[in-house]
Amino acid sequence: MIRATLIAMTLATPAMAEVMTVQTTKYVPAAMDALEAAVREAGAKVYARIDYAAEANSADMELVPAQLLIFGNPAVDTAAMQDDIQTGLMLPLHVLVYHGPDGDTQIAYQDVTDMFDGMSINVRADYVNEMEDTLQMLINKAVD
């Protein structure tokens, strides 16, 4: 019984979307500042900015510089959730900026089309294209 439940839960859980990474010459705070400014300029809503290194420090632990920005467009995100309420597990969008192992700064995000794999989402829907295009534009602004 427990085994059958675990198998059912595993099959019902959306697969992890492909994580895309882009390198920037900016240091983590500067890259995140640029990303947050670009999100606001695009008219999207910033829900949270989490400084993982600061949080680790508050727990007397160490972590490389790493920050997460959670943001979205309520109208676009709602359109996706109207088609499949479980997209609420993936939305709003998340972008992680962190100090990589080679001393570089990496910007990581999930591929939007992959993120909706296995859901009742038409990956050719206008809102999916808008999310993809906007996310790419925002990443480019954070990198430059």
Side-chain angles (χ1 to χ4, degrees), residues 4-59 61-144:
T5 302
L6 290 174
I7 290 171
M9 288 173 55
T10 302
L11 295 175
T13 304
M16 175 82 174
E18 180 179 0
V19 175
M20 314 294 288
T21 57
V22 179
Q23 186 174 339
T24 181
T25 57
K26 295 177 183 172
Y27 194 59
V28 171
M32 186 56 81
D33 288 345
L35 177 63
E36 184 173 354
V39 167
R40 292 184 191 282
E41 287 171 15
K45 183 174 182 175
V46 173
Y47 293 100
R49 179 173 172 171
I50 302 167
D51 185 336
Y52 287 124
E55 294 299 322
N57 189 40
S58 73
M61 299 175 76
E62 291 184 16
L63 186 67
V64 298
Q67 296 185 19
L68 180 75
L69 193 68
I70 303 171
F71 61 93
N73 178 323
V76 175
D77 294 353
T78 300
M81 291 182 69
Q82 287 174 332
D83 286 346
D84 190 330
I85 194 68
Q86 289 187 357
T87 59
L89 292 168
M90 286 79 176
L91 298 172
L93 297 172
H94 300 69
V95 174
L96 177 68
V97 180
Y98 62 96
H99 188 78
D102 297 326
D104 54 350
T105 298
Q106 297 288 325
I107 300 174
Y109 58 98
Q110 291 182 312
D111 179 81
V112 174
T113 302
D114 274 0
M115 190 170 62
F116 294 142
D117 189 41
M119 307 194 98
S120 299
I121 298 292
N122 177 355
V123 295
R124 292 184 184 89
D126 289 342
Y127 61 81
V128 175
N129 291 329
E130 185 175 347
M131 283 182 196
E132 288 176 332
D133 293 347
T134 301
L135 183 57
Q136 193 58 57
M137 179 269 299
L138 295 171
I139 297 297
N140 290 341
K141 286 190 175 190
V143 169
D144 293 337

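For the single chain, residues carry numbers from 1 onward in sequence order.
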> Rounded to the nearest 0.5 Å, how far apart are CG of Leu96 and CG of Leu35?
Replying inline: 11.0 Å
> Is Tyr98 close to Leu63 at the side-chain level, that is, under 4.5 Å between some pair of heavy atoms?
Replying inline: no
> Got a second to check how far Phe116's CZ is from Leu91's CG, nearest 0.5 Å?
Replying inline: 4.5 Å
Residues 37-45, side-chain donor-acceptor partners within the protein, below 3.5 Å, at least two apart:
from  : atom 1 : to    : atom 2 : distance (Å)
Arg40 : NE     : Glu36 : OE2    : 3.3
Arg40 : NH2    : Glu36 : OE2    : 2.8

> Has the side chain of Asp102 got a donor or acceptor atom that lies under 3.5 Å from a matching backbone atom of Asp104?
Replying inline: no
>> Using modelled atom types and a 3.5 Å cut-off, is there a donor and acceptor pairing between side-chain atoms of Thr105 and backbone atoms of Lys26?
In response: yes
>> A side-chain contact here means heavy atoms from C-beta on lying under 4.5 Å apart; do Leu135 and Phe71 qualify?
In response: yes
> How far does CG of Leu68 sit from CD of Glu55, to the nearest 0.5 angstrom?
Replying inline: 11.5 Å
> How far does OG1 of Thr113 sit from CE of Met131, to the nearest 0.5 angstrom?
Replying inline: 10.5 Å
> What pairs with Asn129 under side-chain hydrogen bond (donor to acceptor under 3.5 Å, both in side chains), at least two apart in sequence or on another chain?
Replying inline: none
> Does a side-chain heavy-atom distance below 4.5 Å link Met115 with Leu89?
Replying inline: no
> Does the side chain of Val112 come within less than 4.5 Å of Val128's, by heavy atoms?
Replying inline: yes
>> As an exercise, state the distance from OH of Tyr109 to CD of Gln136, rounded to the nearest 0.5 Å.
In response: 4.0 Å
> Ile107 and Ala142: which non-hydrogen atoms are nearest, and at how many Å?
Replying inline: CD1-CB, 3.8 Å
Pairs under 3.5 angstrom only: tabulate donor-acceptor contacts from the side chains of residues 73-83 to other protein residues two or more places apart or in another chain.
from  : atom 1 : to     : atom 2 : distance (Å)
Asn73 : OD1    : Ala75  : N      : 3.0
Asn73 : OD1    : Val76  : N      : 3.4
Thr78 : OG1    : Pro74  : O      : 2.6
Asp83 : OD2    : Tyr127 : OH     : 2.6

> Mind checking whether Ile50 and Ile70 have side chains closer than 4.5 Å, heavy atoms only?
Replying inline: yes
>> Once rounded to the nearest 0.5 Å, what's the spacing between atom CD of Glu18 and atom CD of Gln110?
In response: 10.5 Å
>> Between Arg49 and Gln67, is there a side-chain heavy-atom distance shorter than 4.5 Å?
In response: yes
